[in-house]
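Encoded as structure tokens, the structure appears first; notes follow it.
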Protein chains: 2
Amino acid sequence: MTSAAAHESKTRLLDAALQVIRAKGYAATTVEDICQRAGVTKGSFFHHFKSKDDLALGATAHWEAMTESFFASAPYHQPIDPLERLLGYVDFRGAILTGDLPDYTCLLGTLVQETYATHPDIRAACDRGMSRHIAELTRDIEAAKKRYAPKARWSAESLGYFIQAALQGSFIFAKAKQSPAVVRENLAHLRRYLKSLFTPQDTAAARSH
Amino acid sequence: MTSAAAHESKTRLLDAALQVIRAKGYAATTVEDICQRAGVTKGSFFHHFKSKDDLALGATAHWEAMTESFFASAPYHQPIDPLERLLGYVDFRGAILTGDLPDYTCLLGTLVQETYATHPDIRAACDRGMSRHIAELTRDIEAAKKRYAPKARWSAESLGYFIQAALQGSFIFAKAKQSPAVVRENLAHLRRYLKSLFTPQDTAAARSH
DNA sequence: GCCACCATACCGACTAGACGGTATGTTGTC
DNA sequence: GACAACATACCGTCTAGTCGGTATGGTGGC
């Protein structure tokens, strides 16, 4: 057995974990749930992972790898103008809202809610993963800010967090309402905010009327 | 024992549930966790609640009652200007970020993430509770819109959802980072967005330059 | 080219403990 | 004495994790 094929079971388990955890939450997900979905046995599971918590850690790493390449190859990076790239990101987030809820919601956001107080290492892994994605996004924000709003008092990073928070919160409402409609509407608000931030404004009263 | 005192145990259980579920999540919370925190026994628990799921439903109702009166008596309602009330709400949400994470995060947001796919009635209860709070908020938004941005194409309700989504998402990051700092920064962005929405704008290019 | 040796991958029955829920009291109040 | 509000002991199930075992494929000695 080649080493690539050798790890197929492990990959299947990780893929299964992403789906099941996003659907049922971490605590309610049983090892056998994941094994069943992956089509492997418990023996195989515990061969690849020390424990359920170890799987969670593996799942966050797997998630990071998947999402990083997914976003890296997305089309919104093409424009030369950084603001266009940023708005392209927001639009892209709207465009990928297909399939069922577990298909487009965020593993890390789900996971951290359940584990922040009880599983320090999982919490830290979620924090790292989300922060890394935001750091990537922040590069475009920084560039857009330099060009369109160099004097603004908000930081590029804080705006990156705001965008992600709006997304994460939108997912909560999508779950509550069983529909991505609210995500789309919130992305429209986000887009409007971004445009207002990057549209050079005369200060306060310096307008007609 | 009076009927008020008679329900003291039940209230203690509900209060305990709010805390423990927000800290550990619903699935990871055991009935005994809640009993211990409430200082009552399991017998008492199952006297008042048919099941753990029944407690969750009770907890959402309890949460709604608590938060409704909490926000109803908050000071931000006083201004006559609806925009001031709305900005007052945002500021108020920043002012109440005290204590530990489970003290200021939202039960319903936590709960719905874990239960949306597996517990239809709990999901529906969370949806109802969050929507009710938003409906309340939407009244001020509607009034502010009528006065300051009557022609704007966004709906008052969608803005209510956006505000709540930003809050819920901020709580996720607060948990990841173990600090409410990011919530405060996001509220600052939110405030900036609201001000921009309600500041009458000349259309597009009708500016200097 | 064969075989002993070994590591990795995988299997599935089993266990110990945790947990939701129940059955059976006990106590106090009207 | 009836009923609500507890309390305690207990039960059955579910589940993370274990453990002895098998299959497969690679490696080195001869």
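What you see below is based on every heavy atom in this structure, not just the backbone, and it leaves out hydrogens, waters and symmetry mates. Computed from a predicted structure; not experimentally measured.
- Side-chain N or O atoms of A:Tyr26 include one that pairs as donor or acceptor with a backbone N or O of A:Asp53 at under 3.5 Å.
- For the pair A:His48 and C:dT8, the criterion of a side-chain N or O lying under 4.0 Å from OP1 or OP2 is not met.
- Between the side chains of B:His48 and B:Asp54, no donor-acceptor pair is found at a separation under 3.5 Å.
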Find every protein N or O atom lying less than 3.5 Å from an N or O atom of nucleotides 14-17 of chain D, and list the pairs.
residue, atom, partner, partner atom, Å
D:dA16, OP2, A:Val31, N, 2.9
D:dA16, N7, A:Lys42, NZ, 2.8
D:dG17, OP2, A:Lys52, N, 2.8
D:dG17, N7, A:Lys42, NZ, 3.1
D:dG17, O6, A:Lys42, NZ, 2.7

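- Looking at B:Tyr104 and B:Ile96, their side chains never come closer than 4.5 Å, going by heavy atoms from C-beta outward.
- Look at CD on A:Glu8: it is 17 Å from C1' on D:dG25, rounded to the nearest Å.
- Regarding contacts with the backbone of D:dA5, every side-chain N or O of B:Ser9 stays at 4.0 angstrom or more from both OP1 and OP2.
- OP1 or OP2 of D:dA5 has at least one side-chain nitrogen or oxygen of B:His47 nearer than 4.0 Å.
- For B:Arg12 and D:dA5, the CZ to P distance is 16 Å, given to the nearest whole Å.
- Using a 4.5 Å cut-off on side-chain heavy atoms (C-beta onward), B:Glu114 and B:Arg123 make no contact.
- Taking the side chain to side chain donor-acceptor pair (under 3.5 Å) definition, one finds that B:Arg192 meets it with A:Tyr193, B:His189, sequence neighbours left out.
- Side-chain N or O atoms of A:Lys145 include one that pairs as donor or acceptor with a backbone N or O of A:Ala152 at under 3.5 Å.
- Separating the CD1 atom of B:Ile34 from the P atom of C:dG21 is a distance of 11 Å, rounded to the nearest angstrom.
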